[in-house]
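So the structure is just underneath, and the comments pick up after that.
Below, all heavy atoms of this structure are taken into account, side chains as well, without hydrogens, waters or symmetry copies.
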Amino acid sequence: QLQLVESGGGLEQPGGSLRLSCAASKSTFDDYAIGWFRQAPGKEREGVSCISVSGRIKIYADSVKGRFTISRDNAKNLVYLQMNSLKPEDTAIYYCAAAGSCRSNFPNPTGFASWGQGTQLAVSS
């Protein structure tokens, strides 16, 4: 079973930057598309971004386009989410998960599996 672990969250000021990492424990990592999701208290889980197996397809929620960048390094079994120009509304727990493809699944979390425990991001002054 593929296991994913998120890291890199923390407290950041509005306008700041932070990079989240999603690490996989198995070499089958490059068989999966990886999606980033976030959930704030009282709100439904929201798809943030997704990167295809090859890395050639990248999908972003409208709320983060131009600010967030997803990338992957299959040799290191890592997917990154670079977050710039952070806003208070970005505050949430961020999760990564795996699927067969982005286009067939994202932004619906159904179809994604191997969810990590999440990493918290707080954006405030």
Side-chain angles (χ1 to χ4, degrees):
Q1 182 183 9
L2 179 67
Q3 298 182 32
L4 302 176
V5 179
E6 304 91 341
S7 63
L11 176 63
E12 189 57 74
Q13 296 185 13
S17 298
L18 209 62
R19 188 177 73 170
L20 305 183
S21 297
C22 175
S25 62
K26 292 185 176 296
S27 60
T28 54
F29 176 76
D30 61 359
D31 291 338
Y32 298 92
I34 301 295
W36 282 100
F37 300 80
R38 66 187 181 186
Q39 189 164 22
K43 297 183 179 180
E44 294 187 355
R45 188 170 299 179
E46 175 189 19
V48 177
S49 186
C50 189
I51 187 166
S52 65
V53 173
S54 67
R56 290 178 292 181
I57 298 174
K58 301 174 182 178
I59 305 174
Y60 299 94
D62 288 342
S63 60
V64 305
K65 285 181 179 178
R67 300 190 298 118
F68 291 10
T69 302
I70 192 169
S71 62
R72 70 188 298 162
D73 186 340
N74 287 342
K76 297 181 179 179
N77 285 4
L78 288 171
V79 168
Y80 303 104
L81 185 67
Q82 178 66 47
M83 305 179 295
N84 301 134
S85 302
L86 286 167
K87 302 176 180 180
E89 57 259 41
D90 295 320
T91 297
I93 301 176
Y94 284 72
Y95 302 89
C96 63
S101 72
C102 290
R103 294 294 189 185
S104 298
N105 294 283
F106 191 84
N108 193 338
T110 302
F112 285 83
S114 301
W115 295 87
Q117 293 186 350
T119 184
Q120 293 188 10
L121 170 67
V123 183
S124 68
S125 299

(Q) Under 4.5 Å between side-chain heavy atoms, counting indirect links through other Ile/Leu/Val/Met/Phe/Trp/Tyr residues: same cluster for Y80 and L86 or not? (A) no

Q) So, do L81 and S49 sit near enough that their side-chain heavy atoms are less than 4.5 Å apart? A) yes

Q) Taking Q82 for the side chain and T69 for the main chain, is one N or O donor matched with an acceptor at less than 3.5 Å? A) no

**Q.** M83 CE to S17 OG distance, which is reported to the nearest 0.5 Å
**A.** 8.5 Å

Q. With F29, which residues qualify under ring pair (Phe, Tyr, Trp, His ring centres under 6.0 Å), at least two apart?
A. none

(Q) Can you give me the closest heavy-atom contact between I59 and C102, atom names plus distance? (A) CD1-CB, 3.8 Å

**Q.** From OG (S114) to CD (Q3), nearest 0.5 Å
**A.** 8.0 Å

**Q.** Counterpart residues, ring pair (Phe, Tyr, Trp, His ring centres under 6.0 Å), relative to F37 (two or more places apart)
**A.** F106, F112, W115

Q. So, does E6 use its side chain to make a donor-acceptor pair with the main chain of Q117 at under 3.5 Å?
A. yes

Q.
To check you understand the geometry: which heavy-atom pair defines the closest contact between N105 and A99, and what is its length?
A. ND2-CB, 3.9 Å

Q. Under the side chain to side chain donor-acceptor pair (under 3.5 Å) rule, what pairs show up with a residue in residues 85-95, not counting sequence neighbours?
A. R38-D90, R38-Y94, R67-D90

Q: Could you tell me whether a side-chain N or O of R103 sits under 3.5 Å from a main-chain N or O of S52, the two making a donor and an acceptor?
A: no

Q | Value rounded to 0.5 Å, distance of OG in S25 from CG in L4 | A | 7.5 Å

**Q.** Where V48 and V64 come nearest, the two heavy atoms and their spacing
**A.** O-CG2, 3.7 Å

Q: Quick one: pull up CG in L78 and CD1 in I34 and give me the separation to the nearest 0.5 Å.
A: 10.5 Å

Q: Report yes if the side chains of L2 and D31 come closer than 4.5 Å at any heavy-atom pair, otherwise no.
A: no

Q) Which pair of heavy atoms, one from I93 and one from G118, lies closest together, and at what distance? A) CG2-CA, 3.9 Å

**Q.** Interatomic distance, L20 atom CG to L18 atom CG [nearest 0.5 angstrom]
**A.** 6.0 Å

Q. Which pair of heavy atoms, one from G47 and one from A61, lies closest together, and at what distance?
A. O-CB, 3.3 Å

Q | Criterion side chain to side chain contact (heavy atoms under 4.5 Å, CB included) on I51 and Y32, from CA distance to verdict | A | CA-CA 9 Å; I51 187 166; Y32 298 92; over 6 Å; no

Q) What distance do R72 atom CZ and K58 atom NZ have between them, rounded to the nearest 0.5 Å? A) 10.5 Å

Q: Considering non-hydrogen atoms only, spot the tightest contact between Y60 and K65 and give its length.
A: O-CE, 3.3 Å

